[in-house]
Participant: 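I have a structure I would like to understand better, so I am pasting it below and will then ask my questions one at a time.
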Amino acid sequence: MAEAAETDQGPLTTIVNDWSSDVTTFKAVPWGKAMMWIFLLSDTFIFTSFLVSYMAVRMTQTDAWPEPSEVFSLEAFGVPVPLLLIAIMTFILITSSGTMAMAVNMGYRKRKVAVFWLMFATALLGASFVGMQAFEWTKLIGDEGVRAWQNPMGAAQFGSFFFMITGFHGLHVSAGVVYLLIVAFRVLRGKYDNTSFEIVEITGLYWHFVDLVWVFIFAFFYLW
Amino acid sequence: MAEVGQQHPIKVYFLVWALLFVFSIASYLVDFFAFEGHLRWFLIVVFMLLKAGFIVAVFMHMKWERPTLITAILVPPLVLIVLMYLLAYEADYAWASRIVYFGDVVEPIPEPPPSHAAVPH
């Protein structure tokens, strides 16, 4: 019925009707999903504020900003490769996004064993991402001497923004791993057998958002 | 209201998954081949927006949601562009003030780099 009505009215009419309908605004959207979207919207503001303040500091900085391409290069087979670890981390996060999308798809087919293993794989990839980030931090703190308040390679704020932005993102990944494991085991135990598997999609939204934030961090912090 | 779920053919997911890899490799190559200046920033932003768009549209199913949810979630972040613009607009002034009041060099005020957002190689 709602689908039929949608085809003969424009998107603007749908929006006005939904907001003025005196009942649920987000029709055909489970409340948990609407709330997750609103949470992600607030998280978007937090991460963007971090990135915008990083931009403002980098643009007004009178000291030299370290070259991320060189700072984050790693030696592979005796040759320094720029951003090697970051590239691997990026691919791991994309792979985990793919397995998560598959888990959501399998969830709606009610194939719960497949959902469990795909979510478990997603969590493992997420955990390995955090592990690599810990390695990256160790290298930066131990070998390069970067601190949140100082940086031997130039602008002191490089350290503050690096640890704040990647740290906050890493915290999201870590929380996501826990969240994924909890939902995965609940799916396997059969908690959602008689209801719907939309919880898998909601978990997926959070996980894809974590990947989405990394896309922006990768572009603005590592590549710029 | 029976169908509240988001079920789509697996093919779409695989396609987007592959595209995300392609765009990531492409943006990595921008750094690897050390593109400079406006071309570098343009390519980085293009690949970033493509990746973000595909993740939100397909993996997060925004493409298939009702316009009410799409606008409620995607319109508010646009104000962040204003914040970005304001801080970028003031950056020259803040940079020059720092040189004048805190810098070692008082006279003459050095020319700002072509875009001080970027540090040359």
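What you are looking at is a predicted structure, and each value in this text was computed from that prediction instead of being measured.
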Participant: May I ask you to name which of A:Ser97, A:Ala56, A:Ala87 has the most heavy-atom pairs under 4.5 Å with chain B?
Facilitator: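 Highest number of heavy-atom pairs under 4.5 Å: A:Ser97.
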
Participant: With no hydrogens and no angle check, is any side-chain donor or acceptor of A:Asn105 less than 3.5 Å from a backbone partner on B:His8?
Facilitator: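 Yes, the answer is positive, given that a donor and an acceptor are paired below the 3.5 Å cut-off.
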
Participant: Counting only heavy atoms closer than 4.5 Å, note whether A:Thr99 contacts chain B via side chain, backbone, both or neither.
Facilitator: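 It is both, since atoms from each part get that close.
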
Participant: Mind checking which of residues 39-50 of chain A sit less than 4.5 Å from chain B, heavy atom to heavy atom?
Facilitator: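 Expected list: A:Leu40, A:Leu41, A:Thr44, A:Phe45, A:Thr48.
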
Participant: Drop me the distance from A:Leu223's CG to B:Phe35's CZ, to the nearest 0.5 angstrom.
Facilitator: 12.5 Å

Participant: At their closest point, which heavy atom of B:Ala52 faces which heavy atom of A:Val215, and how far apart are they?
Facilitator: N-CG1, 4.3 Å

Participant: Checking B:Ile55 against chain A: side chain, backbone, both or neither under 4.5 Å from a heavy atom?
Facilitator: side chain

Participant: In terms of heavy-atom pairs under 4.5 Å, which option from B:Ser24, B:Ala94, B:Ala72 contacts chain A the most?
Facilitator: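 Option with the greatest count: B:Ser24.
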
Participant: Drop me the distance from A:Asp18's CG to B:Leu69's CG, to the nearest 0.5 angstrom.
Facilitator: 10.0 Å

Participant: Can you tell me which portion of B:Ile25 sits under 4.5 Å from chain A's heavy atoms? Options are side chain, backbone, both or neither.
Facilitator: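 When you check distances to chain A, atoms from both the backbone and side chain of B:Ile25 fall under 4.5 Å.
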
Participant: Is any side-chain heavy atom of B:Met60 less than 4.5 Å from a side-chain heavy atom of A:Trp37?
Facilitator: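 Contact flag for B:Met60/A:Trp37 side chains = yes.
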
Participant: So, do B:Met48 and A:Phe218 sit near enough that their side-chain heavy atoms are less than 4.5 Å apart?
Facilitator: no

Participant: Is it the side chain or the backbone of A:Phe209 that comes within 4.5 Å of chain B heavy atoms, both, or neither?
Facilitator: both

Participant: At a heavy-atom separation under 4.5 Å, does A:Met100 approach chain B through its side chain, its backbone, both, or neither?
Facilitator: neither

Participant: Above 12 or not: heavy atoms from other molecules or residues under 6.0 Å from CZ of A:Arg111?
Facilitator: no

Participant: Between CD1 of B:Ile70 and CD1 of A:Ile15, what distance do you get to the nearest 0.5 Å?
Facilitator: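 If we round to the nearest 0.5 Å, B:Ile70:CD1 and A:Ile15:CD1 are 8.0 Å apart.
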
Participant: Can you tell me how far CZ of B:Phe59 sits from CG of A:Leu205, rounded to the nearest 0.5 angstrom?
Facilitator: 12.5 Å

Participant: Could you tell me which portion of A:Thr90 (side chain, backbone, both or neither) has an atom closer than 4.5 angstrom to a non-hydrogen atom of chain B?
Facilitator: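 Contact with chain B is through the side chain of A:Thr90 alone.
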
Participant: Less than 4.5 Å apart, any side-chain heavy atom of A:Trp224 and any of B:Asp31?
Facilitator: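 No; the side chains remain at least 4.5 Å from each other.
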
Participant: Distance check, rounded to the nearest 0.5 Å: A:Ile88 atom CD1 versus B:Tyr28 atom OH?
Facilitator: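 Taking CD1 in A:Ile88 and OH in B:Tyr28, the distance rounds to 8.5 Å.
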
Participant: Tell me, do A:Thr95 and B:Trp17 make a side-chain contact under 4.5 Å, heavy atoms counted?
Facilitator: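 Side-chain contact under 4.5 Å: yes.
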
Participant: Only pairs under 3.5 Å count here: list side-chain donor-acceptor contacts from residues 77-90 of chain B, not counting sequence neighbours, and write none if there are none.
Facilitator:
none

Participant: Regarding A:Lys33 and B:Glu65, does a basic nitrogen lie under 4.0 Å from an acidic carboxylate oxygen?
Facilitator: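 Salt bridge present between A:Lys33 and B:Glu65.
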
Participant: Do A:Leu212 and B:Val56 touch side chain to side chain, with heavy atoms closer than 4.5 Å?
Facilitator: yes

Participant: Closest approach of A:Lys27 and B:Arg66, non-hydrogen atoms and distance?
Facilitator: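 Minimum heavy-atom separation between A:Lys27 and B:Arg66: O-CD, 3.3 Å.
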
Participant: Sort A:Val104 into side chain, backbone, both or neither according to what part of it lies under 4.5 angstrom from a heavy atom of chain B.
Facilitator: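 Contact with chain B involves the side chain of A:Val104 alone.
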
Participant: Could you give the distance from CH2 (B:Trp95) to CE (A:Met59), rounded to the nearest 0.5 Å?
Facilitator: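 Result: 11.5 Å between the selected atoms.
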
Participant: If I measure from the heavy atoms of chain B, does A:Phe26 come under 4.5 Å with its side chain, its backbone, both, or neither?
Facilitator: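 For A:Phe26, side-chain heavy atoms alone lie under 4.5 Å from chain B.
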
Participant: Side chain from CB out, backbone as N, CA, C, O: work out which of these in B:Thr71 comes under 4.5 Å of a heavy atom of chain A, or both, or neither.
Facilitator: side chain

Participant: Is there a side-chain contact between A:Trp19 and B:Thr68, using heavy atoms and a 4.5 Å cut-off?
Facilitator: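 Heavy-atom side-chain distance check passes, below 4.5 Å.
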
